[in-house]
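What you see is a predicted model; the values in this text were computed from it and never measured. Nothing fancy with the numbering, it's 1 onward along the sequence.
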Amino acid sequence: MDKPFRYERKYLISTKDYHEIRSRLKKIVDLDKNAGEKGEYFIRSLYFDDINDTAYAEKLDGRCEKEKFRIRIYNCSDKVIKLEKKEKAGFYNAKASETIDLETCRALIAGRPEAIPLNTSPLVDEFCAKMRVKLLRPKVIVDYNREAYTSPFSRTRITFDKNLRTGNYATELFDPNLPTLAVMDKGYMLMEVKFDEYMPTHISNILSMTNATQTSFSKYAMCRKFQ
């Protein structure tokens, strides 16, 4: 699987900073085509880790190279289900993503890789192999609302992730009434900027006008702390 590595910068911002940044950004970038009536959409991810919680430990240790697997859905619907692998190498990040069906999703959540045919796809095959060898299993549900914008310059994508919540040990991925717990201080959210070769000057200038603080914040690690 050849995956292009991209830069990713994260910022912990206040509601005040959000309104300032958003008002300027909307003049120069496009709203994500998947946005709903309120200009955002709901994301739920079920993260997996191995028997030694390697992905969690690598994040806490500040490792420069690491990987995470997750199943992601949108608006609690089973119409689009993604199996994803996130990789980090220094300042670079890459994501491999594969659409899977509901039957495959349920088998993975249940820890039953033997129920999935071989050669389903390179990503699914890799995930199943690691379920057998490393005992990858579901660990935590991560919920949030995302407002996203795109720019053609350096394929830049800016996202505001709001109302970050955790489902702890739950695995009911499609339950819209799943009890969750807020994990961020009220009045704050996470902004992420992803780009290929450079951050466009007009976007970096907007960020420099605010108190946006760059961070290494991990939604997965933060939600695991609440278990």
Given side chain to side chain contact (heavy atoms under 4.5 Å, CB included), test Asn93 with Arg6 step by step and report yes or no. CA-CA 5 Å; Asn93 290 270; Arg6 286 159 54 83; 5.7 Å; no
Looking at side-chain heavy atoms only, is the closest gap between [X] and [Y] below 4.5 Å?
| X | Y | answer |
| --- | --- | --- |
| Val193 | Tyr11 | yes |
| Met199 | Lys194 | no |
| Leu123 | Lys82 | no |
| Ile28 | Ile206 | yes |
| Lys68 | Glu58 | no |
| Tyr47 | Val142 | yes |
| Leu164 | Leu190 | no |
| Glu40 | Lys162 | yes |

For the pair [X] (side chain) and [Y] (backbone), establish whether a donor and an acceptor sit closer than 3.5 Å, ignoring hydrogens and angles.
| X | Y | answer |
| --- | --- | --- |
| Asn205 | Thr201 | yes |
| Lys66 | Arg63 | yes |
| Thr171 | Tyr169 | no |

Residue pairs passing the salt bridge (charged side-chain N to carboxylate O under 4.0 Å, His left out) test where at least one lies in residues 173-190, sequence neighbours excluded: none
Show me, pair by pair, the donor-acceptor contacts under 3.5 angstrom made by side chains of residues 103-121, not counting sequence neighbours?
residue	atom	partner	partner atom	Å
Thr104	OG1	Asp101	OD1	2.8
Thr120	OG1	Pro117	O	2.5
Ser121	OG	Val124	N	3.1

Does one hydrophobic cluster hold both [X] and [Y], with members joined at side-chain heavy-atom distances below 4.5 Å?
| X | Y | value |
| --- | --- | --- |
| Leu83 | Val80 | no |
| Ile13 | Met184 | no |
| Ile43 | Ile81 | no |
| Phe42 | Val183 | no |
| Tyr56 | Met131 | no |

Atom CZ of residue position Phe174 - does it have more than 12 heavy atoms of other residues, nucleotides or ligands inside 6.0 Å? yes
Answer yes or no: does atom CZ of Phe226 have more than 12 heavy-atom neighbours from other residues, nucleotides or ligands under 6.0 Å? yes
On a heavy-atom basis, which atom in [X] and which in [Y] lie closest, and how many Å separate them?
| X | Y | value |
| --- | --- | --- |
| Leu207 | Thr210 | O-OG1, 3.0 Å |
| Gly39 | Leu31 | O-CD1, 3.8 Å |
| Glu172 | Ala170 | OE1-CB, 3.3 Å |

Checking Lys134 now: which residues fulfil side-chain contact (heavy atoms from CB on, under 4.5 Å) with it, not counting sequence neighbours?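 Checked Lys134 against side-chain contact (heavy atoms from CB on, under 4.5 Å); matches are Asp50.
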Residues in side-chain contact (heavy atoms from CB on, under 4.5 Å) contact with Ala89, at least two apart in sequence or another chain: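 In terms of side-chain contact (heavy atoms from CB on, under 4.5 Å), with neighbours along the sequence ignored, Ala89 is linked to Phe5, Glu65.
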Contact list for residues 150-159, test side chain to side chain donor-acceptor pair (under 3.5 Å), sequence neighbours left out: Asp32-Arg157, Tyr41-Arg157, Arg155-Asp196
Does any pair with a residue in residues 214-224 pass side chain to side chain donor-acceptor pair (under 3.5 Å), and if so which ones, sequence neighbours excluded? Asp49-Tyr220, Asp53-Arg224, Asp161-Lys219, Glu192-Lys219, Tyr220-Arg224, Arg224-Gln227
When rounded to the nearest 0.5 angstrom, what is the spacing between [atom1] in [X] and [atom2] in [Y]?
| X | Y | atom1 | atom2 | result |
| --- | --- | --- | --- | --- |
| Leu173 | Ile73 | CG | CD1 | 4.0 Å |
| Ser204 | Arg9 | OG | CZ | 8.0 Å |
| Arg132 | Leu136 | CZ | CG | 11.5 Å |
| Thr99 | Lys79 | OG1 | NZ | 14.5 Å |
| Lys59 | Phe217 | NZ | CZ | 9.5 Å |
| Thr213 | Met191 | OG1 | CE | 10.0 Å |

Partners passing side-chain hydrogen bond (donor to acceptor under 3.5 Å, both in side chains) against [X] (at least two apart in sequence or in another chain):
| X | answer |
| --- | --- |
| Glu84 | Arg70, Ser97 |
| Ser45 | Arg72 |
| Tyr74 | none |
| Glu98 | none |

Could you please spell out the steps behind the salt bridge (charged side-chain N to carboxylate O under 4.0 Å, His left out) verdict for Glu147 and Lys38? CA-CA 9 Å; Glu147 180 180 345; Lys38 296 182 179 180; over 6 Å; no
What pairs of residues pass the ring-ring contact (aromatic ring centres under 6.0 Å, His included) test when at least one of them lies in residues 126-166, not counting sequence neighbours? Tyr18-Phe160, Phe48-Phe127, Phe69-Phe127, Phe153-His202
Check the pair Val140, Thr166 against side chain to side chain contact (heavy atoms under 4.5 Å, CB included), reporting the backbone distance first and the verdict last. CA-CA 7 Å; Val140 68; Thr166 177; 3.2 Å; yes
With sequence neighbours left out, write down each residue that passes salt bridge (Lys or Arg N to Asp or Glu O under 4.0 Å) with Glu67, or none if nothing qualifies.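 Testing Glu67 for salt bridge (Lys or Arg N to Asp or Glu O under 4.0 Å), a comparison that skips the adjacent residues, returns Lys85, Lys130.
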